[in-house]
Amino acid sequence: NTERVGMIHDGESRFSIKGKPINHFLGTSTFSEYTVVHSGQVAKINPEAPLDKVCIVSCGLSTGLGATLNVAKPKKGQSVAVFGLGAVGLGAAEGARIAGASRIIGVDLNSNRFEQAKKFGVTEFVNPKEHDKPVQQVIAEMTNGGVDRSVECTGSVQAMIQAFECVHD
């Protein structure tokens, strides 16, 4: 329920400024120094984990990884296009790498993301703004007819269409 602005059980906000309540987003919020949340919204960190290395990425990496491994299910040696190289897209690329994909083509409007994406298995990069033809056509030409699997990680309807159309028949 995206309309939910309070806590799950009592509907009250746990945040305030000068006595005035501040609404939560989906039952919790993360841009505060201290907060109170429901136990179902907490992930325990191993006390031995080095805090300078620990980062909270919410559901991003696990969503992309799970979507690739459990839904797209690329097979060893196949090609995968990943649309969007934010946290979800990096997780999707990692899933393709773990599955043994031979080509992982990252697609993003920000070319600076390619270097980081290589660490997650992306082998090639396409910035749609750098081509005079639709990105799905660019990918089809790069792969001799299209990729085996495609994962869209931006939420853009246009990217969803492109991701669908870059998969071979």
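Among all heavy-atom pairs drawn from I139 and A81, the shortest one is CD1-CB, 4.4 Å. The minimum heavy-atom distance linking V122 with G106 is given by the pair CG1-N, 3.5 Å. Between I104 and A93, the closest heavy-atom pair is CD1-O, 3.8 Å. Residues G86 and D108 come closest through the heavy atom pair N-OD2, 4.4 Å. Across all non-hydrogen atoms, the minimal contact from F83 to A159 is CD2-O, 4.1 Å. Smallest separation of non-hydrogen atoms from S111 and N127: OG-ND2, 2.9 Å.
R149 places a side-chain N or O within donor-acceptor distance of the main-chain N or O of A72, the cut-off being under 3.5 Å. The closest donor-acceptor contact from the side chain of E152 to the backbone of G155 lies under 3.5 Å.
Applying the side chain to side chain donor-acceptor pair (under 3.5 Å) test to every pair with at least one member in residues 63-84, sequence neighbours left out, gives these pairs: S79-D148.
Taking the side chain as every heavy atom from C-beta outward, V80 and R103 never approach each other to under 4.5 Å. For the pair I105/V82, no side-chain contact is recorded, criterion being any heavy-atom separation below 4.5 Å from C-beta on. Within the 4.5 Å cutoff, no side-chain heavy atoms of V135 are placed close to those of C166. At least one side-chain heavy atom of V126 sits less than 4.5 Å from a side-chain heavy atom of H131.
By the neighbour-count criterion of 12 heavy atoms within 6.0 Å, atom CD of Q158 is sparsely surrounded, having that number or fewer from other residues, nucleotides or ligands. At most 12 heavy atoms of other shown residues, nucleotides or ligands fall within 6.0 angstrom of atom CG in N144.
Here the SG atom belonging to C153 is positioned 10.0 Å from the CE atom belonging to M160, to the nearest 0.5 angstrom. Between the CZ atom in F125 and the CD atom in E115 there is a gap of 10.5 Å [rounded to 0.5 Å].
With F114 as the aromatic partner, K118 meets the cation-pi criteria of under 6.0 angstrom to the ring centre and within 45 degrees of the ring axis.
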Take F164 and S150, measure what side chain to side chain contact (heavy atoms under 4.5 Å, CB included) needs, and give me the verdict at the end.
-> CA-CA 7 Å; F164 178 77; S150 182; over 6 Å; no

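A salt bridge between K119 and E94 is absent, with no side-chain N of the basic residue lying under 4.0 Å from a carboxylate O of the acidic one.
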